[in-house]
Asker: 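To start, I am sharing the structure in question, which I have written as C-alpha cells.
Each residue takes its place number in the sequence, starting with 1. The figures here come from the full heavy-atom set of this structure, side chains too, leaving out hydrogens, waters and symmetry mates.
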Amino acid sequence: MAEPFLSVDRLQTHFPIRRGVLRRTVGAVQAVDGVSFAVERGETLGLVGESGCGKTTVGRSLLRLVEPTGGEVTLGGVDVRRVSGGKLRALRRRMQVVFQDPYGSLNPRMTVRGILEEGLIVHRMGSASERVERMQRALERTGMPADALRRYPHEFSGGQRQRIAIARALVLEPEFLVLDEPVSALDVSIQAQVVNLLVDLRRDLGLTFLFISHDLSVVEYLSDRVAVMYLGRFVETASAAKLYREPLHPYTQALFSAVPSVDPERRRNRIILPGDVPSPSKPPSGCRFHPRCPLAESVCRTVDPPEVAIDGHRVHCHVAARELEQAGGDVAAASRQIAGMIAAQTSSARAVPSASV
C-alpha cells in the first residue's frame, strides 16, 4: 500500500511557561498533544474546533513556522522535522501557507511584484523575465489583473488582497497548502468567490490542502475529510459526508448542532455545553472533554479513551465505543443513540423542579 502524501504521527507542540527572574520553566501550554493523521495527495482535510483548541498550531507545526516538540511529520517521503539548511529551504517550496488576515499578511511597503517575487528570489527560481511570467500566471489563476504587480496592497479590497496572498503561495508551485481561516475575514459574497477559487485550484493544479476554519458549512463544502479538535487532540475524524450526517463524539454533536440548516432532516436541537474550555497548561485527566460532556462517566475522568475506527470513521470516546459495539458497528444507529442520550440528559438538566408551597 502506498504511503500517504502527508503523514503525521503523535505530533506535539508545547510552549514553555517561564517565571521568575531566572525565567525557569514551570510548566507548558500543550497546544498540540499527540495528534496523528494522514492526507492523500490531492485531498483536502478540514480541521475544525473551538478557538484555542490548537488548529492553527497544527498547521504551523507542519510547516515548521513553530518547532514541534515531539512526533513525526513526513511530506512526500521527506522527514520534515529532520531536514535543515538547504534541504529545509527546498522543502519549504513544496509547502506554503495562506494566513487568515489579508490585511496583516501582506507588507504594505512593498508592491505586489515585490511581495510575489520575494519567494522566487529566495529560491533562485528563474531569470527576471521568467519571474515576471510566473507572477503574471499566478495572478491570472487567482483572478487578478496583470497590472496589479505595480500597485500596493492598500489599493485593493479584502477579497483581492486574499487573492494576492493565494497567488504568493502559488507562485512557488507548491504541492501542499495550509489554509488558515482564509475566508473568515471576508464578506459572505467574497467568501464564496474565494472558496470556489480554491476548489478550482485544487482540481487544476492537483494541490493538497489542510483547511482550517470555524465556518463548518465552508469546511463541509471544501473538504474530503474532516477532523474535529478539542484541547490539543483530535476527537473524531471521518469523511465530510459521514461526519456531518453521523457524528459520534458528544463534542462533535454539540459543535454541529450550532450549524443552521434549511433542511429539516439535518436540523439538530442546540446543545449548550456547560463551563469553559479548560486551560491547555493543565488539561484534565482521562478524556479532556469530560468536564463539559453531558454523557461523562467515571471511566472518562481517569482513562484516556482509545481510538475506535470503523470504515475510516475514527473516534476517541468511551461512550461512543460502547454504543458502536452494542450497535454491531452501525455508525448511524450509534450516532442516533448518542444524540438521544444527550437530548435526554440536557433536557433533564434544564428541568426546574416545582417549588413547594
Side-chain angles (χ1 to χ4, degrees), residues 4-18 25-39 43-75 78-83 88 91-92 95-100 176-182 184 208-214 219 223 225-238 243 249 251-252 255 276-292 304-307 309 314-317:
F5 177 63
L6 173 67
S7 178
V8 180
D9 184 33
R10 295 167 294 178
L11 179 67
Q12 289 184 331
T13 304
H14 295 178
F15 299 102
I17 301 173
R18 294 187 173 94
T25 300
V26 297
V29 175
Q30 301 176 25
V32 179
D33 192 41
V35 164
S36 299
F37 62 94
V39 185
E43 184 182 30
T44 296
L45 175 68
L47 184 53
V48 300
E50 291 174 284
S51 296
C53 71
K55 304 185 301 297
T56 292
T57 305
V58 168
R60 296 191 177 196
S61 298
L62 299 182
L63 304 178
R64 286 183 58 182
L65 296 179
V66 297
E67 287 293 337
T69 52
E72 298 180 358
V73 179
T74 304
L75 180 77
V78 178
D79 191 332
V80 175
R81 292 200 61 207
R82 294 187 183 276
V83 296
L88 177 58
L91 182 63
R92 289 194 188 281
M95 51 186 193
Q96 291 291 303
V97 60
V98 177
F99 294 103
Q100 174 179 357
F176 174 59
L177 284 184
V178 173
L179 305 168
D180 187 7
E181 301 271 6
S184 63
T208 304
F209 290 162
L210 174 66
F211 185 76
I212 301 168
S213 180
H214 285 100
V219 170
S223 304
R225 289 186 302 123
V226 178
V228 181
M229 195 170 185
Y230 182 81
L231 205 61
R233 293 183 178 176
F234 284 6
V235 297
E236 189 167 5
T237 308
L243 188 67
H249 199 283
Y251 176 66
T252 311
L255 198 65
D276 297 320
V277 180
S279 170
S281 62
K282 293 182 180 179
S285 60
C287 175
R288 296 193 171 188
F289 184 57
H290 86 256
R292 306 176 70 199
D304 195 22
E307 180 183 79
R314 302 175 181 274
V315 62
H316 298 257
C317 177

Asker: How many angstroms lie between atom CG of Leu231 and atom SG of Cys287, to the nearest 0.5 angstrom?
Answerer: 10.0 Å
Asker: Identify the heavy atoms of Val219 and Gly46 that sit nearest to each other, and give their distance.
Answerer: CG1-CA, 4.1 Å
Asker: Report the distance from atom CG of Asp33 to atom CG of Leu11, rounding to the nearest 0.5 Å.
Answerer: 9.5 Å
Asker: Test side-chain contact (heavy atoms from CB on, under 4.5 Å) on Leu75 and Met95 and set out the steps.
Answerer: CA-CA 9 Å; Leu75 180 77; Met95 51 186 193; 3.8 Å; yes
Asker: Can you find a pair of side-chain heavy atoms, one from Pro284 and one from Pro291, that are under 4.5 Å apart?
Answerer: yes
Asker: Arg10 side chain to Gly70 main-chain N or O, any donor-acceptor pair under 3.5 Å?
Answerer: no
Asker: In Å, rounded to the nearest 0.5 Å, how long is the span from CG of Leu177 to CG of Leu210?
Answerer: 10.0 Å
Asker: For a quick test of reading the model, state the closest non-hydrogen atom pair linking Pro16 to Thr25 and the distance between them.
Answerer: CB-CG2, 4.1 Å
Asker: For the residue pair Pro280 and Val29, establish whether any side-chain heavy-atom pair is separated by less than 4.5 Å.
Answerer: yes
Asker: Does a side chain donor of either Ser51 or His214 reach within less than 3.5 Å of an acceptor in the other side chain?
Answerer: yes
Asker: Can you tell if the side chain of Phe99 reaches within under 4.5 Å of the side chain of Pro182, non-hydrogen atoms only?
Answerer: no
Asker: Would you compute the distance between atom CG of Leu6 and atom CG of Leu45 and round it to the nearest 0.5 angstrom?
Answerer: 8.5 Å
Asker: Any side-chain heavy atom of Val83 within less than 4.5 Å of one from Val78?
Answerer: yes
Asker: Any non-hydrogen side-chain atom of Val228 less than 4.5 Å from a side-chain atom of Leu255?
Answerer: yes
Asker: Is Arg81 reaching over with its side chain to a backbone N or O of Gly71, donor-acceptor style, under 3.5 angstrom?
Answerer: yes
Asker: Hey, are Arg225 and Glu43 close enough for a salt bridge, meaning a charged N less than 4.0 Å from a carboxylate O?
Answerer: yes
Asker: Is any side-chain N of the basic residue among Asp180 and Lys55 closer than 4.0 Å to the acidic one's carboxylate O?
Answerer: no
Asker: So do Arg233 and Phe289 actually touch side chain to side chain, heavy atoms under 4.5 Å?
Answerer: no
Asker: Check the orientation of Phe5 and Phe176. Use parallel for under 30°, tilted for 30 to 60°, and perpendicular for over 60°.
Answerer: perpendicular
Asker: Nearest 0.5 Å, what's the CZ-CG distance between Arg92 and Leu63?
Answerer: 7.5 Å
Asker: Please check this pair: side chain of Arg64 against backbone of Val80, looking for a donor-acceptor N/O pair closer than 3.5 Å.
Answerer: yes
Asker: Side chains of Thr13 and Thr69: any donor to acceptor distance under 3.5 Å?
Answerer: no
Asker: Taking the ring centre of each residue, are His249 and Tyr230 less than 6.0 Å apart?
Answerer: no
Asker: Are Ser223 and Thr44 close enough, and set up right, to give a side-chain contact (heavy atoms from CB on, under 4.5 Å), and what steps lead you there?
Answerer: CA-CA 5 Å; Ser223 304; Thr44 296; 4.0 Å; yes
Asker: Does a side chain donor of either His316 or Glu236 reach within less than 3.5 Å of an acceptor in the other side chain?
Answerer: no
Asker: Please lay out, stage by stage, how Phe15 and Thr57 fare under the test side-chain contact (heavy atoms from CB on, under 4.5 Å).
Answerer: CA-CA 11 Å; Phe15 299 102; Thr57 305; 4.0 Å; yes
Asker: Determine the minimum heavy-atom distance between Val8 and Val35, stating which atoms define it.
Answerer: CG1-O, 3.6 Å
Asker: Any side-chain heavy atom of Met229 sitting closer than 4.5 Å to one from Val48?
Answerer: no
Asker: Does a donor on one side chain sit under 3.5 Å from an acceptor on the other, for Arg288 and Gln30?
Answerer: yes
Asker: Do Ser279 side-chain atoms and Ser281 backbone N/O form a donor-acceptor pair below 3.5 Å?
Answerer: yes
Asker: Quiz question: by atom type and distance under 3.5 Å, do the side chains of Tyr251 and Glu50 form a donor-acceptor pair?
Answerer: yes
Asker: Does some side-chain heavy atom of Val58 sit less than 4.5 Å from a side-chain heavy atom of Ser61?
Answerer: no
Asker: Rounded to the nearest 0.5 Å, what's the gap from CD on Glu181 to CD1 on Ile212? Could you check?
Answerer: 7.5 Å
